[in-house]
J.: 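Dropping a structure here in structure tokens format, bear with me for questions.
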Amino acid sequence: MPVLGDLRKMKVSLADQVQYTLQLGDTAIDMNARIGQPFSLHFTGGIYCKICGKKTNKSFGQGYCYNHFINAPENGPCIIRPELCEGHLGIGRDPQWELDHHVQPHVVYLALTSALKVGVTRTQQIPTRWIDQGAWRVILLAETPYRQLAGQIEVDLKKHLADKTPWQSMLKGERAEGVDLLAEKQRIAALLSPEFQPYVCDNQEIVEINYPVLTNPLKVKSLNPDKDPDIQGTLLGIRGQYLLFDGDRVINVRSYEGYRVEVE
């Protein structure tokens, strides 16, 4: 029987291989079990805000109606630019939300996707954030008591490191082999401005992440359900929040949150 529901980013858990679950309404779909099998998504044309459930003609900011895109704390400027966060000062779209989410311990990390990058996430989002980015090896660099400080450290390092994931190279399975993350941590930590040095952590653990991918695409062809609502083929793997289909076709589930879909 087909399953109907509003799309959300897949839930993940870290094991020997990342485990993915697609939740549609009350139905949880084990996506790992679908790999190597025919899989289809039919986009019905409906889009619903993932906060209020209101139908909207367009999805704003990965699954919101315009009102919640403009006003909800989940879409504040510091979501993309952590250095702008003022939650620790009691300032924000929703001060209580800021306390619960941004005035919490954060980490700055070094990750290998297809190349070395720096990133920021709330401690409670480990390892979900790393998996969603498609990282395959990660090490903690610094620990901070709130978001803005982690963002400031990231900005301090942007002149030395990228902070974006080259997603197409990542999906092709390209790797920066031979990078010694422990040595890179020492090198990068030494580049930090003196005011940020006290936040460098002693944690030396390197987290390895393996994704359920049978075949990487040679070229990356992004699928767009706004143009073609029926997506079907053999599911060859999942990395980050991308479904990899035969024919080098990929779709980022997170980009279409709020879209109502039917899954066979």
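When a residue number appears, it is its place in the shown sequence, counting from 1. If you're wondering where the values come from, they're calculated on a predicted model, not measured in any experiment.
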J.: Over all heavy atoms of both residues, which pair between Cys201 and Lys185 is shortest? Give the atoms and the distance, please.
T.: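 That would be O-NZ, 2.9 Å.
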J.: To the nearest 0.5 Å, tell me how far Ile79 CD1 sits from His101 NE2.
T.: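 Here the rounded value is 9.0 Å.
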J.: Answer yes or no: is there a donor N or O on one side and an acceptor on the other, between the side chain of Arg239 and the main chain of Gly134, under 3.5 Å?
T.: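 It does hold such a pair.
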J.: Gln152 and Glu195: side chain to side chain contact (heavy atoms under 4.5 Å, CB included), yes or no, with the steps?
T.: CA-CA 10 Å; Gln152 290 172 337; Glu195 72 226 66; over 6 Å; no
J.: Can you confirm whether the side chains of Gln96 and Asp100 place a donor and an acceptor under 3.5 Å from each other?
T.: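 Their side chains do contain a donor-acceptor pair, which is all the 3.5 Å distance test asks for.
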J.: Just by distance, do the side chain of Asp228 and the backbone of Leu223 share a donor-acceptor pair under 3.5 Å?
T.: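 Not confirmed, Asp228 side chain does not pair with Leu223 backbone.
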J.: Going through the distances and angles, do Phe39 and Leu243 end up as a side chain to side chain contact (heavy atoms under 4.5 Å, CB included)?
T.: CA-CA 10 Å; Phe39 186 74; Leu243 301 179; 4.2 Å; yes
J.: Taking the side chain from Arg254 and the backbone from Lys9, do they hold a donor-acceptor pair closer than 3.5 Å?
T.: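 No, because the side chain of Arg254 does not come within donor-acceptor range (under 3.5 Å) of the backbone of Lys9.
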J.: Taking NZ, NE, NH1 and NH2 as the nitrogens, is one of them in Asp163 or Lys158 under 4.0 Å from a carboxylate oxygen of the other?
T.: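 Salt bridge between Asp163 and Lys158, a charged N being under 4.0 Å from a carboxylate O: yes.
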J.: Within the distance-only criterion (no hydrogens, no angle test), does the side chain of Gln62 pair as donor or acceptor with the backbone N or O of Tyr256 below 3.5 angstrom?
T.: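 No: the side chain of Gln62 does not pair with the backbone of Tyr256.
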J.: Quick one: does Gln232's side chain get under 4.5 Å of Glu264's, heavy atoms only?
T.: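 Side-chain contact under 4.5 Å: no.
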J.: Say whether, by atom type as modelled, one donor and one acceptor occur between the side chain of Asn32 and the main chain of Tyr20 under 3.5 angstrom.
T.: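 Yes, Asn32 side chain to Tyr20 backbone: donor-acceptor pair under 3.5 Å.
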J.: Are Asp226 and Phe43 close enough that some pair of their side-chain heavy atoms sits under 4.5 Å apart?
T.: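 SC-SC contact between Asp226 and Phe43 ruled out.
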J.: Decide yes or no for Ile126 and Val207: does some side-chain heavy atom of the first lie under 4.5 Å from some side-chain heavy atom of the second?
T.: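 No - every pair of side-chain heavy atoms lies 4.5 Å or more apart.
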J.: Test side chain to side chain contact (heavy atoms under 4.5 Å, CB included) on Leu161 and Leu110 and set out the steps.
T.: CA-CA 9 Å; Leu161 280 172; Leu110 303 177; 3.6 Å; yes
J.: Kindly determine whether Glu143 and Thr123 satisfy side chain to side chain contact (heavy atoms under 4.5 Å, CB included), including the steps that lead there.
T.: CA-CA 9 Å; Glu143 297 174 323; Thr123 301; over 6 Å; no
J.: Might you confirm whether atom CD1 of Ile80 has over 12 heavy atoms from other residues, nucleotides or ligands at distances under 6.0 Å?
T.: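 No, not enclosed.
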J.: How long is the gap from CZ on Arg81 to CD on Gln148, to the nearest 0.5 Å?
T.: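 It is 11.5 Å, given to the nearest 0.5 Å.
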J.: With rounding to the nearest 0.5 Å, note down the distance linking NZ in Lys172 to CG in Asn216.
T.: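 Result: 11.0 Å between the selected atoms.
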J.: Would you name the heavy atoms of Tyr199 and Leu149 that are closest together and state the gap between them?
T.: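 Minimum heavy-atom separation between Tyr199 and Leu149: CZ-CD2, 3.3 Å.
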J.: Taking Ile209's backbone N and O only, do any of them form a donor-acceptor pair with Trp136's side chain (distance below 3.5 Å, no angle check)?
T.: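 Here the side-chain-to-backbone pair does not exist.
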J.: Compare every heavy atom of Pro217 with every heavy atom of Leu244, then report the nearest pair and how far apart it is.
T.: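 For Leu244 versus Pro217, the nearest heavy atoms are CD1-CD, 4.2 Å.
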J.: Spell out, yes or no, whether Tyr48 and Leu4 are grouped together once hydrophobic residues are joined by side-chain heavy atoms under 4.5 Å, including indirect joins.
T.: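 Looking at the clustering, Leu4 is in a separate group from Tyr48.
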J.: Given 3.5 Å as the limit, does a donor-acceptor pair link the side chain of Asp246 with the main chain of Thr234, or not?
T.: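 Indeed, once roles are kept as given, a pair shorter than 3.5 Å links the two residues.
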J.: What I'd like to find out is whether the side chain of Asn57 reaches to under 4.5 Å of the side chain of Ile47, using heavy atoms alone.
T.: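 No, every pair of side-chain atoms sits at 4.5 Å or beyond.
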J.: Judged by atom type as modelled, is there a donor-acceptor pair below 3.5 Å linking the side chain of Ser114 to the main-chain atoms of Glu174?
T.: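 No, because the side chain of Ser114 does not come within donor-acceptor range (under 3.5 Å) of the backbone of Glu174.
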J.: Would you say the side chain of Asp16 lies within less than 4.5 Å of the side chain of Asn210, judging by non-hydrogen atoms?
T.: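 The answer is no, as the side chains (C-beta and beyond) never meet within the 4.5 Å cut-off.
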J.: Atom CG in Asp6, atom CG in Leu24: separation rounded to 0.5 Å?
T.: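 Here the interatomic distance stands at 8.5 Å.
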J.: Compare every heavy atom of Cys49 with every heavy atom of Arg8, then report the nearest pair and how far apart it is.
T.: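 Heavy atoms only, the tightest pair is NH2-O, 4.5 Å.
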J.: For a 4.5 angstrom cut-off between non-hydrogen side-chain atoms, does Val250 reach Ser222?
T.: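 Yes - at least one pair of side-chain heavy atoms lies under 4.5 Å apart.
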J.: Check whether Leu84 and Val103 end up in the same hydrophobic cluster, where Ile, Leu, Val, Met, Phe, Trp and Tyr are linked by side-chain heavy atoms less than 4.5 Å apart.
T.: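 No: no chain of side-chain contacts under 4.5 Å links Leu84 to Val103.
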J.: Using 0.5 Å steps for rounding, measure from the CZ atom of Arg249 to the CG atom of Leu235.
T.: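 Here the rounded value is 10.5 Å.
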J.: Through direct or indirect side-chain contacts below 4.5 angstrom among Ile, Leu, Val, Met, Phe, Trp and Tyr, which residues connect to Tyr66?
T.: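 Cluster partners of Tyr66: Ile51, Phe60, Tyr64, Phe69, Ile70.
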J.: So, for Pro82 and Arg147, which heavy atoms are closest and what is the spacing to 0.1 Å?
T.: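 Closest approach of Pro82 to Arg147, heavy atoms only: CG-NH2, 3.6 Å.
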J.: Using the six-membered ring wherever Trp is involved, compare the ring planes of Trp167 and Tyr242 and label them parallel, tilted or perpendicular (cut-offs 30° and 60°).
T.: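 Plane angle under 30°, so parallel.
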J.: Which heavy atom of Gly92 sits nearest a heavy atom of Pro95, and at what distance?
T.: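 Result for this residue pair: O-CD, 3.9 Å.
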J.: Looking at Lys11, is its backbone amide N or carbonyl O close enough to the side chain of Gln19 to form a donor-acceptor pair, meaning the two atoms are under 3.5 Å apart?
T.: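 No; judged by distance alone, with no hydrogens or angles, the pair does not exist.
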J.: For the pair Gln204 (side chain) and Ile206 (backbone), establish whether a donor and an acceptor sit closer than 3.5 Å, ignoring hydrogens and angles.
T.: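 Looks like no, no N/O pair under 3.5 Å.
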J.: With side chains defined as the heavy atoms from C-beta onward, is the minimum distance between Asp156 and Leu192 less than 4.5 Å?
T.: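 The answer is yes, as the side chains (C-beta and beyond) meet within the 4.5 Å cut-off.
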J.: Assess the residue pair Glu208 and Arg137 against the criterion (salt bridge (Lys or Arg N to Asp or Glu O under 4.0 Å)); give the C-alpha distance rounded to whole Å, side-chain angles, the decisive distance to 0.1 Å, and a yes or no.
T.: CA-CA 5 Å; Glu208 299 269 357; Arg137 187 173 286 171; 2.8 Å; yes
J.: Would you say that Tyr146 contacts Cys85 through its side chain, given a criterion of any heavy-atom pair below 4.5 Å between the two side chains?
T.: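 No, every pair of side-chain atoms sits at 4.5 Å or beyond.
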J.: Rounded to the nearest 0.5 Å, how far does CD1 of Ile153 lie from OG1 of Thr144?
T.: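 If we round to the nearest 0.5 Å, Thr144:OG1 and Ile153:CD1 are 6.0 Å apart.
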